[in-house]
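Please read these numbers as outputs of a predicted model, since none were measured by experiment. Count residues from 1 along the sequence.
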Amino acid sequence: MTDARAVPPEASNEPIRSYAPGTAERAALQQRVHQLQQETVDAPCVIGGRDVRTGETFDVRAPHDRDLHLATVHAASPVEVGKAIEAAEYAKPDWAALRWEDRAAVFLRAAELISGPYRDTLNAATMLGQSKSVQQAEIDSACELIDFLRFNVTFYAGILAEQPASSPGVWNRTDH
């Protein structure tokens, strides 16, 4: 255990990319859209870190092109839902036992991955799966998710830093 007070990196809004004609970001996203159009994702349920293929499936198709088969999703029955709840309850004590800084680091790492190597995949999947424009995908999926992850770490650190007023001769404190 450490006595240091952790201060996470200052959160700021994720810059919105323009995807203007001729830019490298536009070319990379177009390439990723094309790649996703060529594949059909097999989407199992993930329960306790394991892939579960139920055999009961449904197709996901692009709303703007019903012939474009994006994914085959394995539907969860009440049995799989129950197992997922059990797995979450099993994992909860270990997650809760982590220091808040370690939990926050998971959120910040996810934000960095989305901001970097997974941004094109997230935006391309949003464009295809929800018929969003590039600007809508960039703002609605990438930037808002990145901001959500980063700002909530900052907000949580702020909650921990707030402490009650103390009267003379008394030191009041809250330990979350």
Side-chain angles (χ1 to χ4, degrees), residues 2 4-52 60-65 68 70-74 76 84-85 87-88 91-162 176:
T2 179
R5 182 171 160 252
V7 179
E10 186 175 330
S12 61
N13 289 107
E14 178 68 11
I16 299 170
R17 295 181 179 174
S18 73
Y19 297 99
T23 61
E25 62 203 20
R26 184 183 185 106
L29 180 59
Q30 286 174 326
Q31 179 181 9
R32 192 64 182 124
V33 167
H34 179 72
Q35 289 170 341
L36 291 183
Q37 287 172 324
Q38 306 307 309
E39 61 185 69
T40 301
V41 174
D42 175 49
C45 302
V46 179
I47 302 172
R50 294 195 171 101
D51 290 350
V52 176
V60 175
R61 297 187 176 276
H64 60 278
D65 179 359
L68 182 55
L70 299 171
T72 300
V73 177
H74 291 261
I85 291 168
K92 182 182 176 184
D94 288 341
W95 176 256
L98 290 174
R99 297 175 325 128
W100 81 267
E101 298 92 341
D102 294 329
R103 294 191 310 267
V106 172
F107 282 68
L108 294 175
R109 179 67 177 141
E112 289 306 307
L113 290 171
I114 295 165
S115 177
Y118 294 102
R119 189 185 206 117
D120 288 341
T121 299
L122 181 64
N123 284 338
T126 301
M127 291 167 68
L128 293 171
Q130 298 175 24
S131 296
K132 297 266 188 179
S133 70
V134 64
Q135 291 82 12
Q136 289 170 323
E138 172 70 2
I139 293 168
D140 294 348
S141 64
C143 292
E144 285 192 13
L145 181 54
I146 294 163
D147 289 350
F148 174 86
L149 293 166
R150 289 180 180 155
F151 275 96
N152 280 299
V153 167
T154 298
F155 296 152
Y156 189 66
I159 289 169
L160 295 178
E162 279 189 33
H176 296 273

Between [X] and [Y] (side chain of the first, backbone of the second, donor and acceptor by atom type, cut-off under 3.5 Å), is there such a pair?
X      : Y      : answer
Ser141 : Ala137 : yes
Ser131 : His64  : yes
Gln130 : Met127 : no
Arg103 : Leu98  : yes
Glu138 : Arg17  : yes

> In chain order, what residues pass the side-chain contact (heavy atoms from CB on, under 4.5 Å) check against Gln30, with sequence neighbours excluded?
Replying inline: Arg26
> Hey, is Arg119 close enough to Glu14 for a salt bridge, meaning N to O under 4.0 Å?
Replying inline: yes
From [X] atom [atom1] to [Y] atom [atom2], the distance as rounded to the nearest 0.5 Å:
X      : Y      : atom1 : atom2 : answer
Leu108 : Thr154 : CG    : OG1   : 7.5 Å
Leu68  : Gln38  : CG    : CD    : 8.5 Å
Leu149 : Glu144 : CG    : CD    : 12.0 Å
Phe107 : Phe151 : CZ    : CZ    : 15.5 Å
Gln37  : Leu70  : CD    : CG    : 8.5 Å
Ile114 : Arg150 : CD1   : CZ    : 9.0 Å

>> Run Val41 and Thr72 through side chain to side chain contact (heavy atoms under 4.5 Å, CB included) and show every step you take.
In response: CA-CA 6 Å; Val41 174; Thr72 300; over 6 Å; no
Side-chain heavy atoms of [X] within contact of [Y], under 4.5 Å:
X      : Y      : answer
Ile16  : Cys143 : yes
Val106 : Trp95  : yes
Asp140 : Thr126 : no

>> Looking at Glu39, I want to see if its CD is surrounded by more than 12 non-hydrogen atoms of other residues, nucleotides or ligands under 6.0 Å.
In response: yes
> Would you say His34 has more than 12 foreign heavy atoms packed within less than 6.0 Å of its NE2?
Replying inline: no
> Which class fits the ring pair Tyr156 and Trp100: parallel under 30°, tilted 30 to 60°, perpendicular over 60°?
Replying inline: perpendicular
Considering non-hydrogen atoms only, spot the tightest contact between [X] and [Y] and give its length.
X      : Y      : answer
Val33  : Ala124 : CG2-CB, 3.6 Å
Glu101 : Ala6   : CG-CB, 3.2 Å
Leu29  : Asp120 : CD1-O, 3.5 Å
Lys132 : Gln136 : CA-OE1, 3.4 Å

> Residues in salt bridge (charged side-chain N to carboxylate O under 4.0 Å, His left out) with Asp147, at least two apart?
Replying inline: none
> After noting the C-alpha distance and the side-chain angles of Asp51 and His74, does the key distance pass the side-chain hydrogen bond (donor to acceptor under 3.5 Å, both in side chains) rule?
Replying inline: CA-CA 10 Å; Asp51 290 350; His74 291 261; over 6 Å; no
